[in-house]
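Only one structure is covered here, and it is reproduced in the block below.
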Amino acid sequence: MIRFVLVRLFRAMLTIMAVVTFAFVVLRMSGDPATVMLGPDVPKEAVDAFRRAWGLDQPLWIQYLAYLKSIFTGDFGVSMRDKASALDLVLERVPATLQLTIPALILKLVFGIPSGVYAALHRQSFSDRGVILLAVLGFTIPSFVMGLLLVLVFSVILGWLPSGGQDTWVHGILPTLTMSIGGIGILARFSRSAMIEVMGQPYIRTASAKGLTWRDVVWNHALPNAAVPIVTIVGFMVGSLIAGAVVVESIFSWPGIGGLLVVSVTNRDLAVVQCILLIIAVAMVVSNLVVDLLYGWLDPRLRSHAAGH
């Protein structure tokens with residue numbers, strides 16, 4: 001088990017380093033921050049002074065090594081636009097983003113998994129077909145389209161809910177629904193498929209033949225074995241919550257990390273963009289690492305396979 005954990009930790013560190021490197025290179029190739037910040041009509045001397053002040057006049061590999069050194073010392077840079085710590089600016093937006101992502105995740109788990117399990121246990125019924133239809137509609141409609149549809153129906157036509165802002169908890173209903181509907185559909189579909197596959201296994205028939213009640217068969221034998229693929233999807237969703245908030249926060253003018261990322265990319269505010277991307281990468285890698293560890297706990301065969309390599 002120790003070897004299994006160490007291998008996963010090593011892979012996680014490599015993934016984070018790859019994301020950090022990729023983000024660093026792409027941001028430098030996407031445009032000159034000096035031109036964006038100062039404008040096209042600023043004298044060349046002012047542009048050169050700006051680049052020297054922020055270290056942009058150095059070769060790319062020197063900038064990269066300096067960036068890695070600063071990260072390992074806990075320094076995530078200073079915002080070119082606000083002249084404040086990039087990490088502080090990002091952390092100020094975290095609570096607002098969590099106000100959307102945590103309820104959205106809860107809705108996905110509460111409605112997605114039970115509906116998929118129910119559909120699998122009532123296969124080929126009217127309710128099963130209804131769950132499949134709603135699930136397909138949920139995860140095939142892009143989040144920005146879903147958000148606009150919800151605004152059109154509940155804000156413009158019915159006038160029940162506000163279309164944007166963060167003044168009260170009511171303002172968070174539409175963006176939370178937008179973030180959760182697609183995930184509910186995905187979880188429902190995967191939960192249904194996992195349960196159908198498990199219910200067809202010989203050990204389920206054996207458990208039924210031993211005289212166990214249907215409830216015991218489902219809860220003690222089917223659900224634990226169907227949990228393995230479901231855990232994978234849930235882990236991916238947890239890791240991608242912040243990334244998924246980018247579009248939704250922009251639609252509903254929600255002052256979270258997503259809105260800050262859009263503004264920072266537009267202004268080529270390198271330190272802030274790099275900080276946000278690093279946080280997203282760490283969140284996704286950590287969630288996948290937790291999934292791998294849960295895999296090893298749920299299925300001991302994976303531990304022995306990892307130990308053999």
Side-chain angles (χ1 to χ4, degrees), residues 89-119 126-192 230 233-266 272 276 279-280 283-284 287:
L89 291 175
V90 175
L91 293 180
E92 288 176 359
R93 302 291 190 101
V94 169
T97 297
L98 292 180
Q99 289 177 12
L100 297 182
T101 55
I102 292 179
L105 178 61
I106 293 174
L107 289 177
K108 292 176 186 179
L109 297 177
V110 169
F111 290 99
I113 297 177
S115 61
V117 172
Y118 180 84
F126 176 78
S127 57
D128 178 32
R129 294 187 178 92
V131 169
I132 294 175
L133 176 61
L134 293 176
V136 171
L137 288 176
F139 69 75
T140 53
I141 299 178
S143 59
F144 68 91
V145 176
M146 181 64 70
L148 294 176
L149 288 175
L150 292 177
V151 169
L152 177 63
V153 174
F154 293 101
S155 297
V156 178
I157 298 177
L158 299 176
W160 291 353
L161 297 171
S163 60
Q166 194 199 9
D167 297 333
T168 64
W169 66 271
V170 178
H171 289 76
I173 294 179
L174 289 184
T176 300
L177 288 176
T178 303
M179 293 185 63
S180 60
I181 288 176
I184 291 173
I186 293 174
L187 276 179
R189 182 180 180 185
F190 273 88
S191 300
R192 178 183 180 275
I230 296 175
I233 303 301
V234 173
F236 177 78
M237 287 182 176
V238 172
S240 60
L241 281 174
I242 298 178
V246 174
V247 175
V248 175
E249 290 181 358
S250 299
I251 294 175
F252 293 96
S253 301
W254 192 266
I257 293 179
L260 178 63
L261 178 61
V262 172
V263 173
S264 300
V265 170
T266 303
V272 177
I276 295 176
I279 290 176
I280 294 175
M284 297 191 71
S287 64

Name the atoms and distances for all side-chain donor-acceptor pairs under 3.5 Å in residues 100-117, with sequence neighbours left out.
unit_1 : atom_1 : unit_2 : atom_2 : d
Thr101 : OG1    : Thr97  : O      : 3.1
Ser115 : OG     : Phe111 : O      : 2.6
Ser115 : OG     : Gly112 : O      : 2.9

Side-chain donor-acceptor pairs under 3.5 Å in residues 177-188, sequence neighbours left out?
unit_1 : atom_1 : unit_2 : atom_2 : d
Thr178 : OG1    : Leu174 : O      : 2.8
Ser180 : OG     : Thr176 : O      : 3.0
Ser180 : OG     : Leu177 : O      : 3.2

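Taking CG of Leu161 as the start and CZ of Phe154 as the end, the distance is 7.0 Å to the nearest 0.5 Å. Here Ser143 contributes atom OG and Ile251 contributes atom CD1; the two are 6.0 Å apart, rounded to the nearest 0.5 Å. Atom CD1 of residue Ile279 and atom CG of residue Leu261 lie 10.5 Å apart, to the nearest 0.5 angstrom.
Pairs of residues two or more places apart, or lying in two chains, never qualify as ring-ring contact (aromatic ring centres under 6.0 Å, His included) while including a residue from residues 127-153. Legend: salt bridge (Lys or Arg N to Asp or Glu O under 4.0 Å) pairs involving residues 248-257, not counting sequence neighbours: none detected.
With sequence neighbours excluded, the residues satisfying side chain to side chain contact (heavy atoms under 4.5 Å, CB included) with Leu149 are Val145. Under the side chain to side chain contact (heavy atoms under 4.5 Å, CB included) criterion, Ser163 pairs with Val151, Ser155, sequence neighbours left out. Applying the side chain to side chain contact (heavy atoms under 4.5 Å, CB included) test to Thr168 and every residue at least two apart in sequence or in another chain returns Val170, His171. Checked against ring-ring contact (aromatic ring centres under 6.0 Å, His included), Tyr118 has the following partners two or more places apart in sequence or in another chain: His122. In this view, Ile157 and Leu152 satisfy the side chain to side chain contact (heavy atoms under 4.5 Å, CB included) rule, not counting sequence neighbours.
Side-chain contact between Leu150 and Met146 is present, with heavy atoms from C-beta onward closer than 4.5 Å.
Here the shortest heavy-atom pairing between Ala119 and Arg192 reads CB-CD, 4.0 Å. Between Pro175 and Trp254, the shortest heavy-atom distance links the atoms CG-CE3, 4.4 Å.
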Residue pair Thr266, Val263: steps toward the side chain to side chain contact (heavy atoms under 4.5 Å, CB included) verdict:
CA-CA 5 Å; Thr266 303; Val263 173; 5.7 Å; no
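Within 6.0 Å of CZ on Arg93 lie more than 12 heavy atoms contributed by other residues, nucleotides or ligands.
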